[in-house]
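Chain letters run A, B, ... following the sequence lines, proteins first, then strands; residues in each count from 1. What's counted below: heavy atoms across the whole structure, side chains too, no hydrogens, waters or symmetry copies.
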Amino acid sequence: MKGALDIPEEFLSPYNHAQKEELLYKTWEASGYFNPDNLPGEERQPFTVIMPPPNANGLLHAGHAFFVTLQDTMIRYNRMCGKGSLWLPGSDHAGFETQVVYEKYLAKEGRSRFDLSREELYDEMLQFTLDHKKEMQGQLRVLGASCDWSREVFTLDDRVKKEVYTSFAQLEEDGLLYRNLRTAHWCPKHQTGFSDLELVYEERMDPFYYFQYGPFVIGTVRPETKFGDKYVVVHPDDERYSAYEHGQTIAVEWMNGPITATVIKDEASDPEKGSGAMTITPWHSAVDWEIAQRHGLAYEQIIDDRGKLLPVAGEFAGMDIRDARGKIVEMMQKKGLLTRVDESYTHTVPTCYKCGREIEPQLKKQWFIRMKPLAKKAVSAIENNDVSFVTERYKRIALHWLENIQDWNISRQIVWGISIPAKLCVKCGHGMVDIEDTIHSCTECGGEVTPDADTFDTWFSSGQLPFIALGYPDGADYAKRYPTDVIETGHDILFFWVLRMIMLGLYRTGKVPFRRVYLHGMVRDEKGEKMSKSKGNVIDPVTVAGEYGTDALRMAYIAGNVPGDSINFSTDKIRGYKKFANKVWNIGRFVLSEAADADTDNMLLVDGDKTVLRAWRSLVAEITDDMEQYRYHLAGEKIYHYIWHTFADTVVEESKTALNGDDDAVKRSKKALLMSVYTESLRVLHPFMPFLTEAVWAHIPKDGYKKYDLIMIESWPDAISPEV
RNA sequence: GGGCGAUUAGCUCAGUUGGCUAGAGCGUCUGGUUUACACCCAGAAGGCCGCAGGUUCGAGCCCUGCAUCGCCCACCA
């Protein structure tokens, strides 16, 4: 090594991320700077991001690493711009999701949740969740997340429960909460109701059966629900049925023998469909229930909660509906009631998003929130740009959903979650909100009451996270940092989470919870396929970070990946950025050995060097603009390209001649140029590749090029660059 | 049934308000132990920017239509 200066020994070998990253994270954490209250300087303008709390029931996957990278980049950039960056971490108990995961875990151990009492099950799941939470937090550290652990929030914390209860009570007071008999989306396997968002519609081709129903012919794909059907509904204007009057009774030979049926005229009946006449099953169909409600019709349960036929099905009682259909059709054929079968009927059926089992609509009393008034305010907020979308196209999707919103079923019949603070009447079924546990008899009928055994939909609590996490109503953070600046998350939870946060945030605080929504796409494998355990194409970000370095992983997530689009993850790309890390490291070795003694107070640049510095500064301005406009994908590529192909390949190469020459003024100018551009480019690179840049920073002499020991609190170069 | 997105080099993808002689990474080929780096350097090949029209001095970018792939939404007769 012919360098003018002594170079630390570690610079003599390639950059070794494995030796550096863990130590560097510890240094950052020990510095206290993740907490914005500890940052040097005057009172800083706040910059706040609430981390989407990962579900504490597993380990981080490639999607988590994506959001960690994007958000940490935002946080670090804004911190360097002189703001009081707060990234508030959390984790979600993830009610139903976790219960499903835990049941699988129990099954593996040869146990079942039915072996345990509610309390035992809850306690085991709590331990399970806390263990995973801890492990996940270790993984977030591996990924370099500069979040403030001192403000961490868990969705089962007392303060969360308290505010969630307050919201629940307030919704009731405002008439936005009800618990009436209503069609619920019920999964016979999981034994719980869902909101409309938890359904997945699946296209099916099923036989469509026509049955003789007295003088009518009615069509159905679901003969197994028809045992109790005693109303036949036709459109009031349907000429074919003008001979029948509304309310007229007719004698019908039906599945279990002769019955008396009633003709109902209702516009819900579509003359174009089937024969134009249909019978209704109010207990197991939302549409039928509405018709029944309109005309005050009777209703009866046919299928139990486990998907088995009830005694009304006669000889079929107790049979699973999946086995019963064929046998029932056979029976109907024998009775001579089957008139026709259309084999190729295509329709969509709702299924459980978790197990794929067909959803069985069931009349249930569950807690529902009236969403229309809440959605209306959210629509105004979005239209007024009180909250804006970085990927504009999601704005329209959001508005469309809000304008067609349905009431939200927030009750789940599961153990794991925040219990619903209410009493139910044993006698009349009336539900009463009871936060303070003061209700001991039914307010309607005076009957005995029992605590509601249900828990809240997990999104009901996470949907209130921003204001709760900041300490609403009297927390200092709330006063200073609400509304937060950005929410960054996957577009798949736009409805589940983002829009509900907007609605609930507006409802409780009167303000939007964040000013901007940045939605990223899904992470797929290199062929563009969804990652899944069964396909075996899951990339574990922590393993990859171990192999190539977190910085390389992070660059692969950012550079060239357009906001909102799904990204294909390839290890080739990560490998490329690992090389880049080493390149930056080696440039450091050269620059520090040749120019660490550069004069900073008196930077006399020769004309050619001035041009180089000006070009660099103008690129910094461009990159700064990209950062402000959330174009991280461009900013990342630009700094990469400049460092490698301009600074290393041209500026450094050309400096060699000058440094070997005899002209002291030229030498002095070169040294100053190398040091300025190199140290400034490290700053620009820091939000993207925090570990590497911090590792190099430790070797930069502390003078005009460096103010602080840690690059993480240095200024973004746009703010420091003096005139050239 | 309604809506959205994608289509650019062999592969994976950038290309910000129309100025592009269309770029990057990986791969391929040729040549290099030049006083940081072989996790490197110098260079090369490789593209009717899905198809067909249109607007414009100028279109990868804007408009219309079509094709293919993907995604989201929708009350199961």
Side-chain angles (χ1 to χ4, degrees), chain A residues 1-3 7 11-15 183 196-197 199 201-202 204 206 208-211 218-222 225-226 229 232-233 268-270 273-281 284-290 345 347-351 358-361 391 393-394 396-397 400-401 404 406 491-492 494-495 521-522 524 526-528 548 552 555-556 559-562 564-594 622 625-626 629-631 633-634 636-638 640-641 644-645 648-649 652-653 656 659-660:
Chain A
M1 161 99 348
K2 207 188 157 202
I7 270 297
F11 265 117
L12 301 180
S13 39
Y15 175 61
T183 313
D196 49 317
L197 286 177
L199 312 184
Y201 286 88
E202 199 180 288
R204 293 257 176 94
D206 284 311
F208 191 84
Y209 305 98
Y210 288 93
F211 296 120
I218 58 117
T220 184
V221 271
R222 301 195 63 196
T225 65
K226 297 279 157 201
D229 289 12
V232 59
V233 184
S269 184
D270 182 354
K273 268 191 179 171
S275 60
M278 64 176 180
T279 59
I280 56 166
T281 314
H284 300 290
S285 158
V287 179
D288 294 1
W289 171 242
E290 281 174 26
Y345 177 73
H347 62 151
T348 50
V349 297
T351 61
E358 267 189 51
I359 289 295
E360 185 58 57
T391 28
R393 69 173 189 257
Y394 288 114
R396 280 203 307 280
I397 295 174
H400 181 263
W401 186 75
N404 295 285
Q406 297 182 29
H491 67 65
D492 55 329
L494 172 62
F495 306 145
M522 300 295 99
R524 300 170 185 283
E526 52 203 334
K527 291 179 211 139
Y548 300 102
M555 272 303 257
N561 290 319
V562 179
D565 283 4
S566 66
I567 64 168
N568 292 357
F569 213 67
S570 78
T571 41
D572 275 351
K573 193 170 178 185
I574 304 168
R575 198 179 296 122
Y577 287 115
K578 180 180 189 292
K579 291 182 183 176
F580 176 59
N582 190 53
K583 186 76 186 178
V584 174
W585 182 251
N586 276 297
I587 298 169
R589 175 175 165 188
F590 177 83
V591 170
L592 290 173
S593 70
E594 297 293 336
E622 212 179 289
D625 189 47
D626 286 335
Q629 303 301 319
Y630 301 90
R631 294 189 295 255
H633 63 300
L634 295 183
E637 282 195 332
K638 281 175 187 169
Y640 166 85
H641 205 259
W644 199 319
H645 299 297
D649 291 350
V652 167
E653 285 308 316
K656 288 176 181 172
L659 291 169
N660 281 330

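Pairing for rC61(B) is absent, with no Watson-Crick or G-U wobble pair whose two atom distances lie under 3.5 Å. Under the Watson-Crick or G-U wobble criterion, with both distances below 3.5 Å, rC76(B) is left unpaired in every strand shown. Across all strands shown, rC40(B) pairs with rG32(B); the Watson-Crick or G-U wobble distances both stay below 3.5 Å. Figure legend. rG27(B) is base-paired to no nucleotide; pairs are counted as Watson-Crick or G-U wobble with both atom distances under 3.5 Å. For rG5(B), the paired base is rC69(B) (Watson-Crick or G-U wobble, both distances below 3.5 Å). Across all strands shown, nothing is found opposite rG47(B) as a Watson-Crick or G-U wobble partner with both distances under 3.5 Å.
Taking 4.0 angstrom as the limit, R589(A) places a side-chain polar atom (N or O) nearer than this to OP1 or OP2 of rC37(B). OP1 or OP2 of rU16(B) has not a single side-chain nitrogen or oxygen of K638(A) nearer than 4.0 Å. The side chain of W644(A) contributes an N or O atom lying less than 4.0 Å from OP1 or OP2 of rC41(B).
In this structure, H633(A) atom NE2 and rU16(B) atom P are separated by 8 Å, rounded to whole Å. One atom, OH of Y394(A), and another, P of rG3(B), lie 18 Å apart when rounded to the nearest Å. In this structure, I359(A) atom CD1 and rC75(B) atom C1' are separated by 14 Å, rounded to whole Å. Between N404(A) atom CG and rC73(B) atom P there is a gap of 13 Å when expressed in whole angstrom units. Summarising the geometry, the separation between OH on Y15(A) and P on rC37(B) is reported as 19 Å, rounded to the nearest angstrom. Residue R631(A) contributes atom CZ, which lies 15 Å from atom P of rA14(B) at whole-angstrom precision. Separating the CZ atom of R524(A) from the P atom of rG70(B) is a distance of 11 Å, rounded to the nearest angstrom. Whole-Å rounding puts the N561(A) CG to rU16(B) C1' distance at 16 Å.
Between D649(A) and F11(A), it is F11(A) whose nearest contact on RNA chain B lies nearer the 5' terminus. The nearest heavy atom of RNA chain B to Y201(A) and to I587(A) marks one nucleotide each, and the one closer to the 5' end goes with I587(A).
Remark: the backbone N or O of I280(A) is not paired with any side-chain donor or acceptor of D288(A) at under 3.5 angstrom. With hydrogens and angles disregarded, a donor-acceptor distance shorter than 3.5 Å links the side chain of N582(A) to the backbone of Y15(A). T391(A) places no side-chain N or O within 3.5 Å of a backbone atom of R393(A) that could act as its donor or acceptor partner.
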In 5'-to-3' order, the base (B), backbone-only (S) or no-contact (-) status of each nucleotide in nucleotides 18-33 of chain B, using a 4.0 angstrom heavy-atom cut-off, is -------SS-------

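Residues Y577(A) and Y640(A) bring their aromatic ring centres within 6.0 Å.
Note: Q406(A) CD to D196(A) CG = 4.5 Å, rounded to the nearest 0.5 Å.
Nearest nucleotide to the side chain of Q406(A), out of rC37(B), rC76(B), rA74(B): rA74(B). Between rC37(B), rC41(B), rC72(B), one nucleotide has an atom nearer to the side chain of N582(A) than all others, and that is rC37(B). The side chain of V562(A) has rG15(B) as its nearest neighbour among rC76(B), rG15(B), rC39(B).
For the C1' atom pair drawn from rG18(B) and rG10(B), the interatomic distance equals 30 Å after rounding to whole Å.
If you check every strand for non-hydrogen atoms under 4.0 Å, Y209(A) touches nothing.
The salt bridge (charged side-chain N to carboxylate O under 4.0 Å, His left out) contacts involving residues 568-580 of chain A comprise D572(A)-R575(A), where partners must be two or more places apart or lie in separate chains.
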Which atoms of nucleotides 4-12 of chain B (N or O only) lie under 3.5 Å from a protein N or O atom, and what are those distances?
| residue | atom | partner | partner atom | Å |
| --- | --- | --- | --- | --- |
| rU12(B) | O3' | N568(A) | ND2 | 2.9 |

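Taking the six-membered ring for Trp and thresholds of 30 and 60 degrees, F208(A) and Y210(A) have ring planes more than 60 degrees apart, a perpendicular arrangement.
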